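In what follows, chains carry the letters A, B, and so on, assigned in the order in which the sequence lines appear, proteins first and then strands, with residues in each chain numbered from 1. No experiment lies behind these values; they were computed from the predicted model shown.
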Number of protein chains: 2
Amino acid sequence: MKIDPKSKADLPAQIAKAIRDSIISGDMDVDARLPSETELSEQFDVSRSTVREALKRLAAQNLIRTQRGATGGAFVRRLSYQDAYANHITTSTLLLSMNAVDFETACEARFALERACAPLSAKRRTPDQLATMRAEIHRQGQPGLSDESFCDSDVAFHRALVDGAENPVLSYQLAGAVEAMQPLMNMITFTQRNRDMIVSLHSRIADAIETHAADQADAALAELTSYTLELGQQAMAARAAKAPE
Amino acid sequence: MKIDPKSKADLPAQIAKAIRDSIISGDMDVDARLPSETELSEQFDVSRSTVREALKRLAAQNLIRTQRGATGGAFVRRLSYQDAYANHITTSTLLLSMNAVDFETACEARFALERACAPLSAKRRTPDQLATMRAEIHRQGQPGLSDESFCDSDVAFHRALVDGAENPVLSYQLAGAVEAMQPLMNMITFTQRNRDMIVSLHSRIADAIETHAADQADAALAELTSYTLELGQQAMAARAAKAPE
DNA sequence: TATTTTCATTTGTCTGACATTTAATGTTTG
DNA sequence: CAAACATTAAATGTCAGACAAATGAAAATA
């Protein structure tokens with residue numbers, strides 16, 4: 001573990017960086033134990049509280065976990081896809097809402113990325129993923145389903161489609177785009193006719209995926225893209241008319 | 001600001017969550033000032049250090065910034081694309097290295113996503129972005145360029161391509177895939193013949209983007225995909241042969 | 001009025017203490 | 001001898017109080 005230059009600014013950040021670097025560089029294996037807080041405070045020549053703040057930062061990024069007790073301490077944590085997912089999704093959602101990304105932009109991004117997955121998904125999808133897609137389609141057809149549940153199911157459907165590509169990197173990057181759009185989708189009121197249309201497009205996609213027909217999946221996705229865009233624009237227009245300001 | 005349930009576990013995490021929720025929900029505007037640490041410690045009925053740990057977590061996620069002095073305090077921060085980018089890239093890189101994602105998977109994801117961008121980029125690219133692409137191509141042709149610089153330039157080229165889609169959501173999601181692959185790309189030794197081939201493919205892409213020819217851009221990207229994959233597999237094979245372990 | 005000084009407020013850091021958790025160690029007991 | 005129980009040591013978690021440093025605003029002064 002390296003020492004710290006006697007710089008002025010933000011001690012905890014410097015210490016966190018030093019530790020993070022030594023984790024990233026591979027000096028420390030997964031589940032390796034860091035020196036205790038007291039030891040670290042001696043090494044870096046700062047107080048224990050300062051070290052603790054640094055460790056808290058790393059914990060917030062899921063880089064370490066801490067454990068109490070005799071054999072406890074801070075341990076290097078394997079960054080799991082699950083943790084990274086969760087983080088990625090909240091950040092993406094926040095980014096969209098705080099920067100007021102419009103519906104069109106988010107929609108375009110989402111479907112462009114999904115269409116990138118579709119050919120791979122048509123090639124590799126497991127029966128399991130196909131079954132999930134079918135189940136969600138069935139759920140979407142249920143009468144009396146709330147708009148929110150419909151959106152949830154929509155996300156689940158598309159997630160299964162993306163996971164069908166069997167590429168965790170793709171799934172990870174796409175999760176951000178798909179899930180972050182949900183708040184925007186939730187603004188839409190889906191009429192029965194809207195839902196029928198979406199369900200039929202979903203069915204066409206599932207059929208295409210089932211028969212490994214990449215081009216048909218792409219065509220259906222293209223239609224779904226423009227249809228969703230249309231619905232979104234109507235919803236945004238209605239919203240704008242209601243609250244003119 | 002809500003109070004905390006008297007649960008046992010991890011006070012700072014609970015407090016951080018409470019504050020984060022009230023930021024995300026939109027109760028607090030950007031640049032709004034949170035109560036001082038002392039006030040928060042009274043509201044939540046914990047010590048100041050506990051509040052500080054919670055605030056540090058939020059700061060690590062770029063949700064707040066702190067300022068010293070009379071009118072200082074913790075302020076809600078607008079999550080900028082730049083901050084989110086940086087975070088996204090380091091997380092993606094870490095995820096790939098810690099979970100030993102193989103070259104093929106990363107490569108497939110990257111180019112699948114890029115091909116999703118290409119049609120949009122062909123439609124919208126600015127002269128500026130095109131100029132960047134040309135400049136990087138020129139740089140890649142320079143004799144005596146190190147492999148690392150060549151990779152850097154490669155990333156810059158593809159970044160310009162992606163940015164050409166003029167969709168910040170796409171740029172954001174793609175940055176993770178493109179940049180995270182760089183460590184893997186850096187393992188490749190590029191011969192002169194390799195570079196010539198790549199430069200010529202880059203030129204074809206730039207030409208297609210310039211003339212708004214989406215299909216030609218896609219074709220060139222497809223070729224680049226398989227060529228990169230080939231190079232990567234050779235490099236991995238060579239590496240495996242060298243260190244059989 | 002313009003400049004300087006003072007001051008109150010807030011975060012940053014340090015110190016020391018005690019609480020809590022946990023595994024290892026020691027001790028007792030059947 | 002072995003199992004159950006008690007003790008202990010080490011580590012993180014939390015608290016309280018102090019002082020340092022920064023910083024803007026108010027007050028004093030030229």
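Between the CZ atom of A:Arg65 and the P atom of D:dA11 there is a distance of 16 Å, given to the nearest Å. When the P atom of C:dA19 is taken as reference, atom CG of B:Asp10 falls 21 Å away, rounded to whole Å. Whole-Å rounding puts the B:Lys56 NZ to C:dT13 P distance at 7 Å. Rounded to an integer number of Å, the gap from CG of B:Leu11 to P of D:dG13 is 11 Å. Straight-line distance from the CG atom of A:Leu40 to the C1' atom of D:dA11: 12 Å, rounded to whole Å. The interatomic distance linking B:Asp45 (CG) with D:dT14 (P) rounds to 13 Å, in whole Å. To the nearest angstrom, C1' of C:dG12 lies 14 Å from CD1 of B:Ile64. Taking atom CZ on B:Arg68 and atom P on D:dA20, their separation rounds to 13 Å, with Å as the unit.
Each of B:Arg78, B:Arg65, B:Arg77 was compared with B:Asp31 under the salt bridge (Lys or Arg N to Asp or Glu O under 4.0 Å) criterion, and only B:Arg65 meets it.
Within the 3.5 Å criterion, the main-chain N or O of B:Asn87 finds a donor-acceptor partner in the side chain of B:Thr91. Under a 3.5 Å cut-off, the side chain of B:Thr66 and the backbone N or O of B:Gly73 do not form any donor-acceptor pair. Judged by distance alone, with hydrogens and angles left aside, the side-chain atoms of B:Thr50 form no donor-acceptor pair with the main-chain N or O of B:Val46 at under 3.5 Å.
Nearest heavy-atom pair, B:Arg124 versus B:Ala165, reported as atom, atom and distance to 0.1 Å: NH1-O, 2.9 Å.
Note on B:Thr66: a side-chain N or O is less than 4.0 Å away from OP1 or OP2 of C:dG12. Taking only side-chain nitrogens and oxygens, B:Thr38 never comes nearer than 4.0 Å to OP1 or OP2 of C:dT10.
Of all the residues in residues 46-53 of chain A, A:Arg48, A:Arg52 reach under 4.0 Å from DNA chain D with at least one non-hydrogen atom.
One side chain, A:Gln129 or A:Thr126, offers a donor N or O that lies under 3.5 Å from an acceptor on the other.
Note on residues 93-102 of chain B: pairs passing side chain to side chain donor-acceptor pair (under 3.5 Å), not counting sequence neighbours, are B:Asp102-B:Thr105.
Closest approach to the A:Thr71 side chain among D:dT14, C:dA23, D:dT12 is made by C:dA23 (side chain taken as heavy atoms from C-beta onward).
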